[in-house]
Amino acid sequence: MQQNNATKPKLADNADQAMEQLASIIASYSEITERMQSSHQKLQGEVKLLREELRHKNEMLQRKSRLAALGEMAAGVAHEIRNPLGGVQLYASLLEKELVGNEASLQWVRKIIKGVRGLDLIVNDMLTFTQDSFCDKTEVNFTALLTEVLDYARPQIRSKNTRIDITDVASNLVVNVDLNMMTRILLNLILNAVDAAGDSGNVVIKAGPHKAKDYKVFVSVSDDGCGIKPEALKKIFNPFFTTKDSGTGLGLAIVHRLIECHNGLISAINNNSGGATFTILLP
Ligand code: ADP
């Protein structure tokens with residue numbers, strides 16, 4: 001009897017201990033499960049990012065090989081056109097001198113000269129697009145660079161009566177860029193925006209430090225024009241894509257190429273309020 005009484009509490013103690021151990025095993029198990037779940041989610045997030053990065057790199061690679069073939073052809077055509085064009089240019093200007101005093105004929109010759117000049121610009125654009133360009137970077141004050149670019153764009157800005165807002169450009173922003181290339185990039189984006197904004201439209205330029213990985217500076221050019229049709233959004237950086245009667249479709253292709261030379265990024269979106277925004281990220 002006595003023995004029995006002593007065994008009972010012992011059994012109860014053992015049962016309590018077993019329950020405690022079981023509870024602690026279950027707690028550890030759910031802690032481990034939770035940790036595994038969170039690292040699984042983390043891994044899933046990383047896989048998603050890597051997949052996105054891979055998709056982007058694949059797209060860039062495809063674009064590069066497509067452009068290499070197109071570039072080779074464009075360079076060939078540009079060289080073939082350039083020589084006879086030089087001749088036409090020379091003979092037209094000789095003819096212009098010969099015809100001094102003959103206003104009616106001079107008008108025709110001047111039209112030829114103007115047309116040839118336009119063709120020459122296109123040929124130069126084609127060569128710029130196809131040539132390997134060396135990016136000669138220097139540190140420059142962004143506001144000073146932008147002021148110069150706006151001066152170049154002044155005739156178009158005036159003729160369209162465009163309002164240019166640069167209040168959100170950080171005044172002491174320094175960018176490490178190839179001056180000629182960045183001038184061309186900004187001029188192209190601003191002229192496109194002025195064109196899209198139409199008469200008395202608005203163009204907003206913003207620039208400042210960017211905190212995300214790999215890029216130090218952002219520059220954006222927005223307009224309140226008609227925006228970009230969804231089916232065109234994927235094509236606007238392709239050479240020869242244009243929706244304009246007198247466009248060549250080389251401007252944004254060159255901009256894309258020059259931004260690539262800077263190891264930067266460029267993207268375009270439609271604004272919710274109408275119009276489009278082009279954003280550049282620079283290292
Ligand atoms: P181009 O000006 O000769 O057409 P671009 O390469 O500069 O060549 O532009 C390609 C096309 O991208 C334009 O024809 C136009 O359809 C579109 N685009 C460029 N900028 C804008 C903008 N700010 N708003 C709307 N569409 C634009």
Side-chain angles (χ1 to χ4, degrees), residues 60 63-64 66-67 70-71 73-75 77-78 81 114-115 117-131 133 146 149-150 152-153 155-157 159-166 168-169 180-207 218-262 264-281:
M60 303 261 286
R63 181 182 160 84
K64 267 201 176 140
R66 241 186 312 124
L67 292 193
L70 191 65
M73 194 189 80
V77 173
I81 294 177
K114 197 172 163 209
R117 238 178 247 142
L119 281 175
D120 196 42
L121 286 179
I122 296 175
V123 169
N124 278 334
D125 273 355
M126 279 167 80
L127 288 172
T128 308
F129 174 69
T130 54
Q131 272 159 3
S133 353
L146 180 63
V149 173
L150 287 173
Y152 292 137
Q156 284 89 335
I157 294 172
S159 79
K160 293 249 175 182
N161 194 26
T162 316
R163 207 178 83 85
I164 307 275
D165 179 348
I166 54 166
D168 278 330
V169 171
N180 288 332
M181 288 187 188
M182 195 42 72
T183 303
R184 182 149 199 179
I185 291 168
L186 291 173
L187 190 60
N188 249 304
L189 295 181
I190 292 170
L191 289 181
N192 272 346
V194 169
D195 200 21
D199 286 337
S200 303
N202 291 287
V203 171
V204 180
I205 302 167
K206 295 181 183 179
F218 82 92
V219 179
S220 71
V221 180
S222 308
D223 61 71
D224 59 355
C226 53
I228 307 163
K229 290 209 174 86
E231 64 271 19
L233 253 181
K234 278 195 168 171
K235 301 183 196 155
I236 52 171
F237 295 108
N238 289 348
F240 308 113
F241 174 82
T242 182
T243 55
K244 301 175 189 170
D245 291 339
S246 58
T248 62
L250 280 169
L252 286 180
I254 291 174
V255 165
H256 191 279
R257 179 141 208 172
L258 301 183
I259 291 287
E260 260 181 1
C261 286
H262 281 84
L265 264 189
I266 180 160
S267 58
I269 54 160
N270 280 313
N271 309 324
N272 290 335
S273 52
T277 295
F278 285 78
T279 305
I280 302 171
L281 298 181

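The figures that follow rest on heavy atoms only: side chains count, while hydrogens, waters and symmetry mates do not. We count ligands from 1, going down the list as the structure has it; atoms in each ligand are counted the same way.
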Quiz item: Between Val255 and ligand 1, which part of the residue brings a heavy atom under 4.0 Å of the ligand: side chain, backbone, both or neither?
Solution: neither
Quiz item: Relative to the heavy atoms of Phe241, which atoms of ligand 1 are at a distance of less than 4.0 Å?
Solution: 10 (C), 11 (C)
Quiz item: Which residue holds the protein heavy atom closest to atom 27 (C) of ligand 1, what is that atom called, and what is the gap in Å?
Solution: Ile228 CG1, 4.0 Å
Quiz prompt | Gly227: numbered ligand 1 atoms lying under 4.0 Å from its heavy atoms | solution = 25 (C)
Self-check item: Flag if over 12 foreign heavy atoms under 6.0 Å of NZ, Lys206
Solution: no
Quiz item: Only one of Asn271, Thr277, Asp165, Asn202 clears side chain to side chain donor-acceptor pair (under 3.5 Å) with Ser222; which?
Solution: Thr277
Quiz item: What protein heavy atom sits nearest atom 21 (C) of ligand 1, and how far off is it?
Solution: Phe278 CE1, 3.8 Å
Practice problem: Check step by step if side chain to side chain contact (heavy atoms under 4.5 Å, CB included) holds for Val149 and Ile190. | Solution: CA-CA 9 Å; Val149 173; Ile190 292 170; 4.0 Å; yes
Self-check item: Contacting atoms of ligand 1, where contact means under 4.0 angstrom from a heavy atom of Gly247
Solution: 3 (O)
Quiz item: Identify the closest protein heavy atom to atom 24 (N) of ligand 1: which residue and atom is it, and at what distance?
Solution: Ala196 CB, 3.4 Å
Practice problem: Name the closest protein heavy atom to atom 8 (O) of ligand 1, giving the residue it belongs to and the distance to 0.1 Å. | Solution: Gly249 CA, 3.3 Å
Practice problem: Name the closest protein heavy atom to atom 23 (N) of ligand 1, giving the residue it belongs to and the distance to 0.1 Å. | Solution: Asp223 OD2, 2.9 Å
Exercise. Tell me yes or no: between the side chains of Thr279 and Ser220, is some donor less than 3.5 Å from an acceptor?
Key: no
Exercise. Run the numbers on Asp195 and Lys244 for salt bridge (Lys or Arg N to Asp or Glu O under 4.0 Å), then give the verdict.
Key: CA-CA 10 Å; Asp195 200 21; Lys244 301 175 189 170; 3.1 Å; yes
Self-check item: Shortest protein contact, atom 2 (O) of ligand 1 (heavy atom only)
Solution: Lys244 NZ, 2.8 Å
Quiz item: In terms of residue, atom name and distance, what is the protein heavy atom nearest to atom 4 (O) of ligand 1?
Solution: Thr242 OG1, 2.5 Å
Self-check item: N/O donor-acceptor pair under 3.5 Å between Asn270 side chain and Ile228 backbone
Solution: yes
Practice problem: Using a strict 4.0 Å threshold on nitrogen-to-oxygen distance, state whether Asp125 and Arg184 make a salt bridge. | Solution: yes
Quiz item: Is it true that atom OH of Tyr152 has more than 12 heavy atoms of other residues, nucleotides or ligands lying nearer than 6.0 Å?
Solution: no
Practice problem: Find all atoms of ligand 1 within a distance of less than 4.0 Å from any non-hydrogen atom belonging to Thr248, and give their numbers and elements. | Solution: 3 (O)
Practice problem: Only counting residues at least two apart or in another chain, list the ones meeting ring pair (Phe, Tyr, Trp, His ring centres under 6.0 Å) with Phe237. | Solution: His256
Quiz prompt | Options Asn192, Thr243, Thr277, Leu233, ranked by nearest heavy atom to atom 13 (C) of ligand 1, top entry | solution = Thr243
Quiz prompt | Those atoms of ligand 1 less than 4.0 Å from some heavy atom in Ile236 | solution = 12 (O), 17 (C)
Exercise. Taking only heavy atoms of Leu252 into account, list the atoms of ligand 1 that are under 4.0 Å away from them.
Key: 5 (P), 6 (O), 7 (O), 9 (O), 12 (O), 19 (C)
Practice problem: Kindly write out the residues that satisfy ring pair (Phe, Tyr, Trp, His ring centres under 6.0 Å) with His262, not counting sequence neighbours, or none if the list is empty. | Solution: none
